[in-house]
**Q** 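Take this structure first; my questions come after.
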Amino acid sequence: MSKKGFIIAVFALLGVAQVQAQVTFKPGIQIGLNFSKIQNANLSTKTDFYLGAFGALKLSKFYTLQPELVYSRQGGKGKVDGFYYEQVSPFEINTVYEERDADISLQYLSFVTINKFNLYKNFYILVGPCFDILVGNDFKIDKNKDFNANVSKGEDIDFGIIGGVGFSLPKGISLEARIKKGTRDVFDDNTGSANVNSNLVYQIGATYTFGLN
């Protein structure tokens, strides 16, 4: 090997060693509050929670790739349309239409790939896609008088994107604020509307990364 080739090989090995020294993997957990809403529906914000685990693959001083597995409770609260039958005489039955209170819970198992960018000291931004699978749902609606609500769950799978900011504290703790926007029709109002009733979730929570000082 020539002297020039030897020098190039040495610098290449030093570069690889430096990159490997920067790359670290740390597992962690997260928990927080969901403030969720089903868009294009007559429903207001519902407060619930999320919790999960992640693996932070730090590839450089400024960038971390973070796969996550999260259980997230979402949905909405408000009024839903429906009807019931009322017998007004032995030979006459009326159909009565009205609105009633509803509390709709949609529970998802969410597969997330977060791209985390460290911008300044302990401050970072994050963005990434999510793939949600519906694992449970609960429609709490007043069924008095055999009320038939014009609602049902929509699609069992949701695709979305997450964006947010975070701040790292000592001992592996971080505080985060996120926005999660779905794209699929997760709520069916049975009216034939062309509107897509998609998930919109604001999240505030904390993370703990193992192995950090």
Side-chain angles (χ1 to χ4, degrees), residues 30-53 68-114 127-164 176-206:
Q30 58 184 314
I31 189 169
L33 292 176
N34 280 339
F35 303 94
S36 61
K37 181 176 176 61
I38 299 175
Q39 295 190 293
N40 299 316
N42 188 25
L43 298 171
S44 58
T45 302
K46 176 182 176 65
T47 303
D48 219 311
F49 72 92
Y50 69 90
L51 59 88
E68 301 177 353
L69 180 62
V70 182
Y71 173 71
S72 182
R73 296 177 62 91
Q74 302 167 196
K77 298 176 69 174
K79 300 286 188 179
V80 295
D81 294 322
F83 64 92
Y84 63 90
Y85 299 109
E86 183 177 55
Q87 187 162 0
V88 295
S89 73
F91 305 103
E92 183 180 1
I93 297 177
N94 286 346
T95 302
V96 180
Y97 297 92
E98 64 180 28
E99 290 185 333
R100 292 195 181 180
D101 292 331
D103 185 346
I104 297 170
S105 176
L106 303 173
Q107 300 112 47
Y108 291 96
L109 189 62
S110 184
F111 299 87
V112 186
T113 302
I114 289 296
V127 64
C130 61
F131 171 71
D132 292 0
I133 299 176
L134 187 70
V135 295
N137 65 90
D138 186 15
F139 285 62
K140 295 180 179 178
I141 303 171
D142 180 9
K143 295 292 187 177
N144 186 37
K145 296 183 180 180
D146 294 326
F147 181 76
N148 295 283
N150 293 325
V151 295
S152 63
K153 73 177 185 67
E155 299 183 39
D156 291 337
I157 292 177
D158 192 16
F159 300 95
I161 188 168
I162 293 175
E176 293 186 348
R178 300 183 177 194
I179 300 176
K180 177 181 177 181
K181 177 66 176 70
T183 61
R184 311 301 292 177
D185 197 359
V186 300
F187 174 80
D188 187 0
D189 59 11
N190 297 331
T191 61
S193 172
N195 290 331
V196 175
N197 303 119
S198 57
N199 284 312
L200 178 63
V201 188
Y202 298 92
Q203 299 177 317
I204 298 176

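Since the structure is predicted, the reported quantities are computational estimates derived from the model, not experimental observations.
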**Q** Working to the nearest 0.5 angstrom, can you tell me the gap between T47 OG1 and R73 CZ?
**A**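 If I round to the nearest 0.5 Å, the distance is 12.5 Å.
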**Q** I would like to know whether F111 and L69 meet side chain to side chain contact (heavy atoms under 4.5 Å, CB included); could you show each step before the answer?
**A** CA-CA 5 Å; F111 299 87; L69 180 62; 3.5 Å; yes
**Q** For residues V201 and Y50, determine if any side-chain heavy atom of one lies less than 4.5 Å from a side-chain heavy atom of the other.
**A**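 With C-beta onward as the side chain, the pair stays apart.
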**Q** Please examine the side chains of Y85 and D146, heavy atoms only from C-beta on, and report whether any two atoms are closer than 4.5 Å.
**A**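 Answer no - side chains too far apart.
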**Q** To the nearest 0.5 Å, tell me how far T45 OG1 sits from N34 CG.
**A**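 Between atom OG1 of T45 and atom CG of N34 there are 11.5 Å.
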**Q** Would you check if N150 and V80 make a side-chain contact, meaning some heavy-atom pair closer than 4.5 Å?
**A**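 When only atoms from C-beta onward are counted, V80 and N150 do not touch, as no gap falls below 4.5 Å.
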**Q** Indicate the atoms forming the closest heavy-atom contact of I141 with A149, along with that distance.
**A**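 Minimum heavy-atom contact is CD1-CB, 3.7 Å.
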**Q** Working to the nearest 0.5 angstrom, can you tell me the gap between N197 CG and N42 CG?
**A**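 Between N197 CG and N42 CG, I get 11.0 Å after rounding to 0.5 Å.
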**Q** For atom CD1 of I204, decide whether the heavy atoms of other residues, nucleotides or ligands shown that lie under 6.0 angstrom number more than 12.
**A**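 No.
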**Q** Within the 4.5 Å heavy-atom criterion, are F49 and I31 side-chain neighbours or not?
**A**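 When only atoms from C-beta onward are counted, I31 and F49 do not touch, as no gap falls below 4.5 Å.
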**Q** Would a 4.5 Å heavy-atom cut-off, applied to side chains only, mark K79 and D101 as touching?
**A**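 Heavy-atom side-chain distance check passes, below 4.5 Å.
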**Q** CG/N148 to CG/D81 distance, rounded to the nearest 0.5 angstrom?
**A**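 Reported value, rounded in 0.5 Å steps: 13.0 Å.
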**Q** Could you tell me whether K140 atom NZ has more than 12 heavy atoms of other residues or ligands within 6.0 Å of it?
**A**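 Counting other residues, nucleotides and ligands, NZ of K140 stays at 12 neighbours or fewer.
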**Q** Testing V186, I133, I157, D156 one by one against Y108 for a side-chain contact (heavy atoms from CB on, under 4.5 Å), which residue passes?
**A**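 Answer to the side-chain contact (heavy atoms from CB on, under 4.5 Å) test with Y108 among V186, I133, I157, D156: V186.
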**Q** Any side-chain heavy-atom pair from D158 and L106 closer than 4.5 angstrom?
**A**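 They are not in contact (no side-chain heavy atoms under 4.5 Å apart), so the answer is no.
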**Q** To the closest 0.5 Å, what do you measure between CG (D103) and CG (L43)?
**A**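 One finds 9.5 Å between CG of D103 and CG of L43.
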**Q** For a 4.5 angstrom cut-off between non-hydrogen side-chain atoms, does Y84 reach N144?
**A**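 With C-beta onward as the side chain, the pair stays apart.
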**Q** Enumerate the residue pairs fulfilling side chain to side chain donor-acceptor pair (under 3.5 Å) with a member in residues 88-97, sequence neighbours excluded, ordered by first and then second residue.
**A**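 Residue pairs passing side chain to side chain donor-acceptor pair (under 3.5 Å), neighbours aside: none found.
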**Q** So, do I104 and K46 sit near enough that their side-chain heavy atoms are less than 4.5 Å apart?
**A**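 The answer is no; the side chains never approach within 4.5 Å.
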**Q** For F139, look at atom CZ and say whether over 12 heavy atoms of other residues, nucleotides or ligands are found less than 6.0 Å away.
**A**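 Yes, enclosed.
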**Q** Ignoring hydrogens and angles, write down the donor-acceptor pairs under 3.5 Å from the side chains of residues 176-184, residues two or more places apart or on other chains.
**A**
from, atom 1, to, atom 2, distance (Å)
E176, OE1, R178, NE, 3.0
E176, OE1, R178, NH2, 3.0
E176, OE2, Y124, OH, 2.7
R178, NH1, E68, OE1, 3.0
R178, NH2, E68, OE2, 2.8
K180, NZ, Q74, OE1, 2.9
K180, NZ, D132, OD2, 2.6
K181, NZ, Q39, OE1, 3.3
K181, NZ, S198, OG, 3.0
T183, OG1, F159, O, 2.7
R184, NE, E155, OE1, 3.1
R184, NH2, E155, OE1, 3.1

